[in-house]
Amino acid sequence: MRTLITGGAGFIGSHLCERFLTEGHDVVCLDNFITGNPLNIQHLHGNPRFTFLRHNISNPVEIDGPIDNILHFASPASPVDYLRHPIPTLKVGSLGTHNTLGLAKAKNASFLLASTSEVYGDPEKHPQKEDYWGNVNPIGIRGVYDEAKRFAEAMTMAYHRSHGINTHIVRIFNTYGPRMRLDDGRVVPNLMGQALRGEPLTVYGDGGQTRSFCFVSDLVDGIFRLLHADFHEPVNLGNPNEVSILDFAKEILSLSGSKSQIDFKPLPQDDPKVRRPDITRARTLLGWEPKVDRHEGMKRTLEFFRGALG
Ligand code: UDP
């Protein structure tokens with residue numbers, strides 16, 4: 001098996017590279033480092049089954065030899081990153097998805113698209129099931145990511161229906177763990193970094209908005225299972241254990257032993273008020289559910305950030 005992972009030097013991508021190598025696959029990792037980090041894959045370069053290609057997948061790509069699986073994970077993925085790179089975000093979701101699907105067709109490879117809970121926008125249904133169509137502001141600041149991923153899902157289904165490609169779509173809910181970038185702007189690295197540096201924790205709005213955090217090893221396990229399932233419609237993967245952002249900030253203070261204060265800041269535009277996956281489909285189809293409980297995952301992540309801060 002030879003597996004191509006776009007965005008393979010990113011947070012989730014690099015964990016996928018490791019997992020597929022462990023499963024005995026040859027892995028071709030493609031990244032342009034717009035938000036990925038060479039350090040995430042540094043330890044893999046000595047492995048003869050690992051190849052790295054520096055390339056922007058929004059431009060056409062040719063790859064020699066057979067490819068059995070393509071996992072399209074390249075994209076800025078945190079609100080701060082996609083606000084910083086709005087046009088590359090739109091391009092990688094549209095042109096990048098077209099290019100990777102074209103490659104899947106040429107190589108007769110299975111395909112898996114990294115989609116997102118952002119396709120549900122600021123949801124009016126709670127928890128979110130896969131048959132909910134979402135509530136997205138197309139011209140808001142998050143639209144560049146949300147609409148790119150919605151387009152990517154449409155393109156993936158079209159390649160499945162028109163060309164018979166064996167495609168899969170995972171809708172990834174908030175995921176955290178080692179190798180997140182301390183400066184990616186998301187709530188986990190922001191608040192953990194602040195707690196460890198003894199700075200005030202920035203909680204946006206009143207902190208009453210909710211998220212449900214999945215540890216990265218659980219997510220990667222679900223993705224591996226989904227790639228091998230005979231199922232083509234989207235599947236939510238995430239941890240249904242929901243928490244308000246204010247309570248999450250307090251948990252970080254208590255787990256890190258930090259004496260930091262909480263500093264309330266304005267809520268960004270279109271920030272979803274609630275988010276929790278309904279994972280019935282993943283449970284039934286893949287026999288999957290998250291195993292790492294939030295406090296355990298948070299401790300491991302705090303350890304990683306402690307190391308990263310030196
Ligand atoms: N958030 C916060 N403080 C921060 C960063 C984020 O209160 O320093 C909030 C943000 O407003 C949102 C939630 O935490 O309600 C999750 O934000 P994140 O950027 O991690 O991703 P999202 O789930 O919004 O895509």
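One-based numbering along the sequence shown. Only this structure's heavy atoms are used, side chains among them; waters, hydrogens and symmetry mates stay out. On a predicted model such as this, the values are computed, not experimentally measured, just so you know.
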- request: Answer yes or no: is there a donor N or O on one side and an acceptor on the other, between the side chain of Asp218 and the main chain of Val292, under 3.5 Å?
  value: yes

- prompt: Looking only at atom types and distance, does a side-chain atom of Thr100 sit under 3.5 Å from a main-chain N or O of His72, one as donor and one as acceptor?
  reply: no

message: Within the supplied structure, the quantity of interest is the number of heavy atoms (other residues, nucleotides, ligands) at a distance under 6.0 Å from Arg49 CZ; does it exceed 12?
response: yes

query: Would you say the side-chain atoms of Ser260 pair up with the backbone N or O of Glu199, donor to acceptor, closer than 3.5 Å?
result: yes

- prompt: Is the closest basic N to carboxylate O distance between Arg19 and Glu23 below 4.0 Å?
  reply: yes

query: Does Arg181 count as lying over the ring of Phe11, i.e. NZ or CZ under 6.0 Å from the six-ring centre, within 45 degrees of the axis?
result: no

message: Treating Asp68 as the side-chain partner and Arg2 as the backbone partner, does any N or O pair qualify as donor plus acceptor under 3.5 Å?
response: yes

query: Is the distance between the ring centroids of Phe20 and Phe73 less than 6.0 Å?
result: no

- request: Would you mind reporting whether Val28 and Ile5 have side-chain heavy atoms less than 4.5 Å apart?
  value: no

query: Thinking salt bridges, do Asp271 and Arg142 make one under a 4.0 Å N-O criterion?
result: yes

- request: Using a strict 4.0 Å threshold on nitrogen-to-oxygen distance, state whether Arg294 and Glu251 make a salt bridge.
  value: yes

- prompt: Is it true that a side-chain atom of His55 and a backbone atom of Pro60 form a donor plus acceptor pair closer than 3.5 Å?
  reply: yes

query: In terms of side-chain geometry, is the basic nitrogen of Arg306 or Glu303 positioned less than 4.0 Å from the acidic oxygen of its partner?
result: yes

message: Do Met180 and Phe305 make a side-chain contact, defined as non-hydrogen atoms from C-beta onward lying under 4.5 Å apart?
response: yes

query: Got a donor-acceptor contact below 3.5 angstrom from the Lys107 side chain to the Asn69 backbone?
result: no

query: Can Arg275 and Asn174 be said to form a side chain to side chain donor-acceptor pair (under 3.5 Å), step by step?
result: CA-CA 9 Å; Arg275 185 181 289 152; Asn174 294 67; 2.7 Å; yes

task: Check whether any side-chain heavy atom of Val187 sits under 4.5 Å from a side-chain heavy atom of Arg211, and report yes or no.
output: no

Approximate separation, where rounding is to 0.5 Å, of His15 NE2 and Ile223 CD1: 11.0 Å

message: Centre-to-centre under 6.0 Å for His168 and Phe231, is that the case here?
response: no

- prompt: Can you check whether Asn56 reaches Lys91 side chain to side chain, under 4.5 Å on heavy atoms?
  reply: no

message: Using a 3.5 Å distance criterion without hydrogens, assess whether the side chain of Asp263 forms a donor-acceptor pair with backbone atoms of Pro200.
response: no

query: Okay, side chain of Asn236, backbone of Asp278: is any donor-acceptor separation there less than 3.5 Å?
result: yes

- prompt: Is the closest side-chain donor-acceptor distance between Glu242 and Thr210 under 3.5 Å?
  reply: yes

task: Examine the side chains of Arg171 and Ser117 and answer whether a donor and an acceptor come within less than 3.5 Å of each other.
output: no

query: When you measure from the side chain of Asn239 to the backbone N and O of Ser212, does any donor-acceptor pair fall under 3.5 Å?
result: no

field: Side-chain heavy-atom pair Val274, Pro123 within 4.5 angstrom cut-off
entry: yes

- prompt: Going from CG on Leu191 to CG on Leu253, what distance comes out if it is rounded to the nearest 0.5 angstrom?
  reply: 8.5 Å

field: Contact summary for Pro138 and Glu147, nearest pair of heavy atoms
entry: CB-OE2, 3.2 Å

message: Would you say the ring centers of Phe215 and Tyr176 fall short of 6.0 Å from each other?
response: yes

query: Taking Arg225 for the side chain and Leu286 for the main chain, is one N or O donor matched with an acceptor at less than 3.5 Å?
result: yes

- request: I would like to know whether Leu246 and Asp206 meet side chain to side chain contact (heavy atoms under 4.5 Å, CB included); could you show each step before the answer?
  value: CA-CA 7 Å; Leu246 183 57; Asp206 63 5; over 6 Å; no

- prompt: For residues Asp270 and Asn137, is any side-chain donor paired with an opposing acceptor at under 3.5 Å?
  reply: yes

- prompt: Tell me, do Phe173 and Gln128 make a side-chain contact under 4.5 Å, heavy atoms counted?
  reply: yes

field: Closest approach of Gly238 to Pro277 (non-hydrogen atoms, all atoms of both residues)
entry: C-CG, 3.8 Å

message: Taking CG in Asp230 as the centre, count heavy atoms belonging to other residues, nucleotides or ligands within less than 6.0 Å. Is the count above 12?
response: no

field: Pairing of Lys273 and Asp122 as salt bridge, 4.0 angstrom limit
entry: yes

query: So do Tyr204 and Asn190 actually touch side chain to side chain, heavy atoms under 4.5 Å?
result: yes

- prompt: Heavy atoms, side chains only, cut-off 4.5 Å: are Asn135 and Tyr120 in contact?
  reply: no

- request: Compute the centroid of each ring, for Phe248 and then for Phe213, and state whether the two points are separated by less than 6.0 Å.
  value: yes

- prompt: Near Lys105 NZ, under 6.0 Å, is it more than 12 heavy atoms from other residues, nucleotides or ligands?
  reply: no

